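Okay, structure first, notes after.
Quantities reported herein were computed from a predicted structural model and do not represent experimental measurements.
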Amino acid sequence: SGASAAVNAAPEERANALDAFVAEMAGVVGSGTLALDAAKGVERADIDGLTSIDGRSSLSSELAEELLAVAVAAVAEVTLDGLSGATVVLEGAAAAAGALSEVLTAAGAEIVASGDGTEIAATSADVLVCGSKLGLVDHELAERLPQRAVVACGPAPVTAKGLAVATRRGITVTADFLTLAGPLLSFHPSPGATRDTVRDDVDARIRAIASEVAAHPEGPYLGAAYRAEEFLRTWRDELPFGRPLA
């Protein structure tokens, strides 16, 4: 489903607070109920006590950036019916910028701009890959985007109004939760899985879903949302409120 945690402590108490957090969370992480990664202000070493009992495959951390790139490339390729000769703007790619550039270039695309912010996002290209912040593509930015497609590399970079404006202008907006699923698919791979088999599996699964929702009459974003909601209904009586838009 998704979870996050914040530890609030004075600087001199930081180490003790993180140790207490690790001790508090050890039971649920060890049982497989919860999995956490180090995020802003926290190093992997700070939560070693949780990492050592995390049931996820070690490949999930080793390949996280690469698998995000594989998923982004798969969705972009399906959306544009091929990436050969396509131009791409990378906005907010952060640590995954290198992997994204490598995978997209290998697929035949050309990276024409890279960086953070709305000015980079508005650079002329076929595809905008974005994710620096929630709601980056609001209705105002969507009104001046020059690209044919928007593919997320971070959570919820498009607002509800941004989606509406982009769709009206003929810009295809794809689902962030589809591309962001790439690394998640490596959490529990098949026995004997290798880097190559995990990568191939992620590519095939993301590509298949992107192809399935591409022709949805309400667009691939809502098509993916409807598909996800049907899946959620297999174990939930009620769905979360709203759609994953900023």
Practice task
Would you check if Leu185 and Leu67 make a side-chain contact, meaning some heavy-atom pair closer than 4.5 Å?
Solution key: no
Problem - Backbone N/O of Val129 and side chain of Gln147: donor-acceptor pair under 3.5 Å - result: no
Practice task
Taking Ser31 for its side chain and Val28 for its backbone only, find out whether a donor-acceptor pair lies under 3.5 Å.
Solution key: yes
Exercise for the section: Work out which heavy atom in Pro189 is nearest to a heavy atom in Ser57; give both atom names and the distance. Expected result: CD-CB, 3.5 Å
Exercise for the section: Supply the atom-to-atom distance Asp48 CG to Asp54 CG, rounded to the nearest 0.5 angstrom. Expected result: 11.5 Å
Problem - More than 12 heavy atoms from other groups under 6.0 Å of CD on Glu238 - result: no
Handout entry: Nearest heavy atoms of Pro183 and Ala64, plus distance in Å
Key = CG-O, 3.4 Å
Problem - Exam field: side chain Asp138 to backbone Thr159, donor-acceptor pair closer than 3.5 Å - result: no
Problem - Shared hydrophobic cluster, Tyr221 / Leu141 (ILVMFWY, side-chain heavy atoms < 4.5 Å) - result: yes
Practice task
Say whether, by atom type as modelled, one donor and one acceptor occur between the side chain of Arg227 and the main chain of Glu212 under 3.5 angstrom.
Solution key: no
Problem - Backbone N/O of Val150 and side chain of Thr174: donor-acceptor pair under 3.5 Å - result: yes
Practice task
Using a cut-off of 6.0 Å, state whether more than 12 heavy atoms not belonging to Asn16 lie near its atom CG.
Solution key: yes
Handout entry: Taking every non-hydrogen atom, the tightest pair across Arg236 and Pro240
Key = NE-CD, 4.0 Å
Practice task
Mark yes or no for whether Ser60, through its side chain, and Ser186, through its backbone, hold a donor-acceptor pair below 3.5 Å.
Solution key: no
Practice task
Would you indicate whether the side-chain heavy atoms of Leu145 and Arg169 approach each other to under 4.5 Å?
Solution key: yes
Exercise for the section: Show your reasoning for whether side-chain contact (heavy atoms from CB on, under 4.5 Å) applies to Glu102 and Glu66. Expected result: CA-CA 9 Å; Glu102 182 178 342; Glu66 184 178 354; over 6 Å; no
Practice task
Decide yes or no on side-chain contact (heavy atoms from CB on, under 4.5 Å) for Arg148 and Thr79, but give the supporting numbers first.
Solution key: CA-CA 9 Å; Arg148 292 190 283 149; Thr79 303; over 6 Å; no
Exercise for the section: Indicate the atoms forming the closest heavy-atom contact of Gly154 with Asp176, along with that distance. Expected result: O-CB, 3.9 Å
Exercise for the section: May I ask you to decide whether Arg168 forms a salt bridge with Glu143, counting only side-chain N to carboxylate O separations under 4.0 Å? Expected result: yes
Exercise for the section: Would you give the length of the straight line joining atom OG1 of Thr33 to atom CE of Met25, rounded to the nearest 0.5 angstrom? Expected result: 11.0 Å
Problem - Gap separating the CG atom of Asp19 from the CD atom of Glu13, nearest 0.5 angstrom - result: 11.0 Å
Exercise for the section: Determine, stepwise, if the pair Phe21 / Leu36 fulfils side-chain contact (heavy atoms from CB on, under 4.5 Å). Expected result: CA-CA 12 Å; Phe21 174 78; Leu36 294 171; 3.8 Å; yes
Exercise for the section: Look at the side-chain heavy atoms of Ile, Leu, Val, Met, Phe, Trp and Tyr, link any pair under 4.5 Å apart, and say whether Phe231 and Leu239 land in one connected group. Expected result: yes
Problem - Atom pair CG/CD1 of Asp201 and Ile206 - distance to nearest 0.5 Å - result: 9.5 Å
Exercise for the section: Show the numbers, then the answer: is there a salt bridge (Lys or Arg N to Asp or Glu O under 4.0 Å) between Glu140 and Lys161? Expected result: CA-CA 9 Å; Glu140 293 181 350; Lys161 287 185 177 180; over 6 Å; no
Practice task
For the residue pair Asp46 and Arg14, establish whether any side-chain heavy-atom pair is separated by less than 4.5 Å.
Solution key: yes
Exercise for the section: Side-chain contact test, heavy atoms from C-beta onward, threshold under 4.5 Å: evaluate it for Val137 versus Glu91 and give yes or no. Expected result: no
Exercise for the section: Might you work through the salt bridge (Lys or Arg N to Asp or Glu O under 4.0 Å) test for Arg199 and Glu65, ending with a clear yes or no? Expected result: CA-CA 11 Å; Arg199 178 188 168 115; Glu65 294 164 5; over 6 Å; no
Exercise for the section: Work out which heavy atom in Ala225 is nearest to a heavy atom in Arg243; give both atom names and the distance. Expected result: CB-CD, 3.6 Å
Problem - Joint cluster assignment, Leu178 & Val70, ILVMFWY side-chain distance < 4.5 Å - result: yes
Exercise for the section: Check the hydrophobic clustering (I, L, V, M, F, W, Y; side-chain heavy atoms under 4.5 Å; chains of links allowed) and say if Leu34 and Ile53 are grouped together. Expected result: yes
Handout entry: Test item: Ser124 side-chain N/O and Pro146 main-chain N/O as donor-acceptor pair under 3.5 Å
Key = no
Handout entry: CG on Leu90 to CD1 on Ile111, rounded to 0.5 Å
Key = 4.5 Å
Fill in the blank from the handout: Smallest heavy-atom separation, Pro220 atom then Thr172 atom, equals CG-CG2, 3.4 Å
Exercise for the section: Examine distances only and state if a side-chain atom of Thr197 and a backbone atom of Ala193 form a donor-acceptor pair shorter than 3.5 Å. Expected result: no
Exercise for the section: Please tell me if the side chains of Leu83 and Leu104 come closer than 4.5 Å, counting only heavy atoms from C-beta onward. Expected result: yes
Exercise for the section: Evaluate the side-chain proximity of Thr118 to Arg144: yes if any heavy-atom separation is below 4.5 Å, no if none is. Expected result: yes
Exercise for the section: Measure the shortest side-chain to side-chain distance between Tyr226 and Val213 over non-hydrogen atoms and say whether it is less than 4.5 angstrom. Expected result: no
Handout entry: Connected via hydrophobic side-chain network under 4.5 Å: Leu136 and Val75
Key = no
Handout entry: Separation of Leu128 CG from Ile120 CD1 (nearest 0.5 Å)
Key = 10.5 Å
